Amino acid sequence: MTFHQLAEQLEQLESTAARLAITAQLAILLNQLNPDEIIVTCYLLQGKLLPSYQNLEFQLAQKLVLRTLVLLARRQNYLPPTQAAVKLATQKAGGAMSLFAPEPELEIRAGTDQLAEMVGQRFRNLGDLGVLTAEIKQAQQSHAQKKSAQKPTTNPDILSVYQQLLAIARVGGTGSQDQKQQLLLALLEELDPTGAKFVIRMVMGKLRLGFSTMTLMDALSWAKHGDKRDREILELAYQKKADIGKLAAAYLAADLGTKTNAEFGTNVSVNAGTAEISAALESYEVEIGVPVMPALCQRLNTAEEIIAKMPRVYAEPKYDGLRLQIHCNLEAGWVKAFTRNLDEVTAMFPELQQGFAHLKCRNCILDAEAVGYDPETGQILSFQATITRKRKHEVAAKAASVPIRCFVFDLMALDDRSLVDEPLSQRKQWLQKLLPPSAETETVRQTRYLETSDPETLHQFHETQLGVGLEGVVVKQADSIYRSGRKGWRWVKIKEPEGTSGKLADTIDCVVMGYYLGKGKRTIFGVGAFLLGVLESDAAKTDSGSIRIVSVAKLGTGLTDEEFQLLRRQADQMRSATKPAIYEIPTSLQPDGWLEPGLVLEIAADEITTSPTHAAGVSLRFPRLVKVRADKGWEQATTVAELKELCQLQSRLMAKD
DNA sequence: ATTGCCTGCCC
DNA sequence: ATTCTGC
DNA sequence: GCAGAATGGGCAGGCAAT
């Protein structure tokens, strides 16, 4: 299939919202592909080149793509439409015009590249690099038509485009950024506007079409049967080996082998019995060395709610570290580690080789949380300290200064046998045998846990963990099987309502200093995030005129769509052409629009962190909006001193353990 | 050599 | 990570 | 409730600019 044909179908999908309709359309698409194309297309549809556990990245994203588009624009004499034309088009499209306040006039500074400024501005207005690419390509077409000298289009097929994308990703070393741009430019030249649009979205890693892995699996079933009957089987297979391309090929292979070209494109239902399916997916069994999709936590507010859902539970302390899935093949003499997103990180944690060598088994797969500790005191370290271990260089030295402790809490396979379908109680027993207290070391320990059915006991245990500086508890249904993702009620963390309890009970009142234009579905709000600040009074001077507002965080979540639009409208009343004099922010955080101080927002966060970037010197971990404080003036916002006090309270907590 | 921008990936 | 939203 | 798509702070690494 040509990439153009693929892109045309994606274009159709873009105007489809209903999931079932998306599934059906995807199924039709899948049925038109040959086996090679299926594999590759599955990756591309997820904005990837390979399954996640095979490391290959574009190293080409927003900024470099934008630079490439400037090159393309220059080559094609592209000029963005004027503001007036944009307004007209938006009105015609029935868009909510009132949301749009005109953007500040483009400042063309002497010595800057005008076209680059204009393309960048157009990107901020469109909120999508793919759409911008199509627009530039469109200009190319009309330009070419005008001259009635249309270039021959090569109309590459999917595999050709894929190969070119691979080549772009594989370039590295000195001069590679230029080379990537040139290769991408050459690819864009080969494609029509729609094809170019989706190639760019693939490079950006997001298709923004309202479907992803789960819907793709629905579509696989739909491609074969016209319904979702095999979805569950497919999802289980995917959990065992997270490679959607190979899964798709294996699943559809029976059909593909017997299919004639004429049948491609028809939604023919082939009668494949369960036996045939299981044969096709036979190779999909948990395998030592190939990562399993990890189980994740749901969230509930209280211990009562949890016990109501799961009558008998195990509660474990929740460490703030790095999730590691550890594969031990002790017969072959190796240990491998994968992150939550299945990146292989074996080389970053050399102590694991020794750490797991003494386990009494032939092989196993373990689920664990890795936390750094102080080798002098044994004290558990913060996430910020732990994450410095995720590195490629000087690993040995860092392993000495920040050794890790693995808290093992689950066992997915043992001695060539998958345990994912065994109940947790059983898996815990196996784990107890494999890793008894006598086998524990500085590097490897079993996560201790509490078995209970009593909400009060659970609540107390949670409070105790918070008290020693941990993140609370993870609560697991005692009889539950191991399943990837968050579905069902198997693993739950306690997330108390904002501002009640937990690690950081206090909320913070911030001044809105500016805003950033949004991308994707936030584009029409005219804002995607806000820049927040807190107060700092200059100690050297004592008069009230020395108060400054220093940046402390950006805010991009916790607002409803309605609140985004409301706040943007309020912000428009407070626009400032330049940065107000009392503001202090690093240039890297320059917002798209400045606001005079006035708007105050109440913000919740999980933690105060010391910040290398924000002007306040501290920042907020996981900031989100609690409430618009129309009742407060900006002079009443939180101060840096108060934040630093909270920050010290946290570290004192850590020191207790 | 050093710095700073950009990217990818942890949470 | 947190959060919101259409289905 | 699922699935998807917006968005956060901050770390290391790669490359380009100085």
Side-chain angles (χ1 to χ4, degrees), chain A residues 17-23 52 55-67 127 171-180 204-218 296-299 319-324 339-343 345 348 369-370 382-395 398 471 485-489 493 495 498 516 518-523 525 527-530 532 552-564 586-589 603-614 618-625:
Chain A
R19 188 164 309 283
L20 282 180
I22 291 177
T23 307
S52 24
N55 286 344
L56 181 66
E57 304 309 327
F58 278 109
Q59 297 292 346
L60 177 71
Q62 190 167 298
K63 299 288 183 180
L64 285 182
V65 166
L66 203 48
R67 271 200 246 164
V171 178
T174 303
S176 61
Q177 292 190 347
D178 275 339
Q179 216 176 331
K180 281 174 196 278
M204 295 303 295
K206 285 184 251 173
L207 265 67
R208 296 214 258 236
L209 294 175
F211 70 86
S212 190
T213 319
M214 295 302 162
T215 309
L216 207 45
M217 279 187 290
D218 275 345
L296 303 173
C297 278
Q298 287 265 38
R299 290 174 309 176
Y319 296 96
D320 189 12
L322 193 60
R323 179 86 174 265
L324 285 188
T339 64
R340 202 190 88 158
N341 293 317
L342 310 185
D343 257 19
V345 290
M348 299 175 185
E369 189 80 10
S382 67
F383 174 75
Q384 261 176 303
T386 298
I387 198 64
T388 62
R389 281 300 308 275
K390 194 173 178 296
R391 58 163 54 222
K392 195 170 164 183
H393 303 306
E394 297 175 78
V395 173
K398 201 71 182 177
E471 283 197 304
R486 295 191 160 83
K487 279 186 294 185
W489 295 100
K493 62 181 162 185
K495 201 72 198 178
E498 239 54 285
Y516 303 90
K519 300 180 187 72
K521 65 185 178 185
R522 296 261 172 99
T523 310
F525 300 162
V527 57
F530 293 97
L532 305 179
V552 74
K554 289 196 285 178
L555 176 73
T557 193
L559 294 80
T560 62
D561 292 2
E562 210 177 353
E563 284 173 319
F564 264 113
T587 54
S588 59
L589 291 168
I603 305 297
D606 277 16
E607 206 178 343
I608 316 283
T609 58
T610 62
S611 174
T613 44
H614 278 281
V618 290
S619 191
L620 310 178
R621 192 183 190 193
F622 311 140
R624 60 259 185 193
L625 178 73

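Owing to the predicted nature of the structure, the values given are computational and were not obtained by experimental measurement. By convention in this document, chain letters (A, B, ...) are assigned in the order of the sequence lines, proteins followed by strands, and residues within each chain are numbered from 1.
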Checking [X] now: which residues fulfil salt bridge (Lys or Arg N to Asp or Glu O under 4.0 Å) with it, not counting sequence neighbours?
| X | result |
| --- | --- |
| A:R323 | A:D367 |
| A:R208 | A:D128 |
| A:K63 | none |
| A:K398 | none |

Quiz item: Taking the C1' atom of each, how far is C:dA1 from B:dG8, in whole Å?
Solution: 16 Å

Looking for any heavy atom pair under 4.0 Å, which part of the strands does [X] touch: base, sugar-phosphate only, or nothing?
| X | answer |
| --- | --- |
| A:T610 | sugar-phosphate |
| A:L20 | nothing |
| A:K521 | base |
| A:K398 | nothing |

Set of residues satisfying side-chain contact (heavy atoms from CB on, under 4.5 Å) with respect to [X], sequence neighbours excluded:
| X | result |
| --- | --- |
| A:S52 | A:K48, A:L342 |
| A:T339 | A:N341, A:D343, A:V345, A:K390 |
| A:Y516 | A:A529, A:L531, A:K554, A:L589, A:P591, A:D592 |
| A:F211 | A:L13, A:I22, A:L26, A:L45, A:L209, A:T215 |

Self-check item: For A:F530, all residues meeting ring-ring contact (aromatic ring centres under 6.0 Å, His included), sequence neighbours excluded
Solution: none

Quiz prompt | 5' to 3' contact window, DNA chain D with chain A (heavy-atom distance under 4.0 Å) | solution =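 Listed 5' to 3', the contact boundaries are D:dG1 to D:dA16.
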
Quiz item: Can you give one letter per nucleotide of nucleotides 4-11 of chain B, going 5' to 3': B for a protein heavy atom under 4.0 Å from the base, S for sugar-phosphate only, - for none?
Solution: --SSSSBB

Exercise. Give a yes-or-no answer on whether the side chains of A:S611 and A:T613 include a donor-acceptor pair shorter than 3.5 Å.
Key: yes

Exercise. Select from A:V618 and A:V171 the residue whose nearest nucleotide in DNA chain D is closer to the 5' end of that strand.
Key: A:V618

Self-check item: DNA chain D: 5'-proximal contact among A:K519 and A:G175 (nearest heavy atom)
Solution: A:K519

Self-check item: Outermost DNA chain C nucleotides near chain A [under 4.0 Å, heavy atoms]
Solution: C:dA1 to C:dC7

Self-check item: Result of checking A:K495, A:K493, A:R621 against A:D606 for salt bridge (charged side-chain N to carboxylate O under 4.0 Å, His left out)
Solution: A:K495

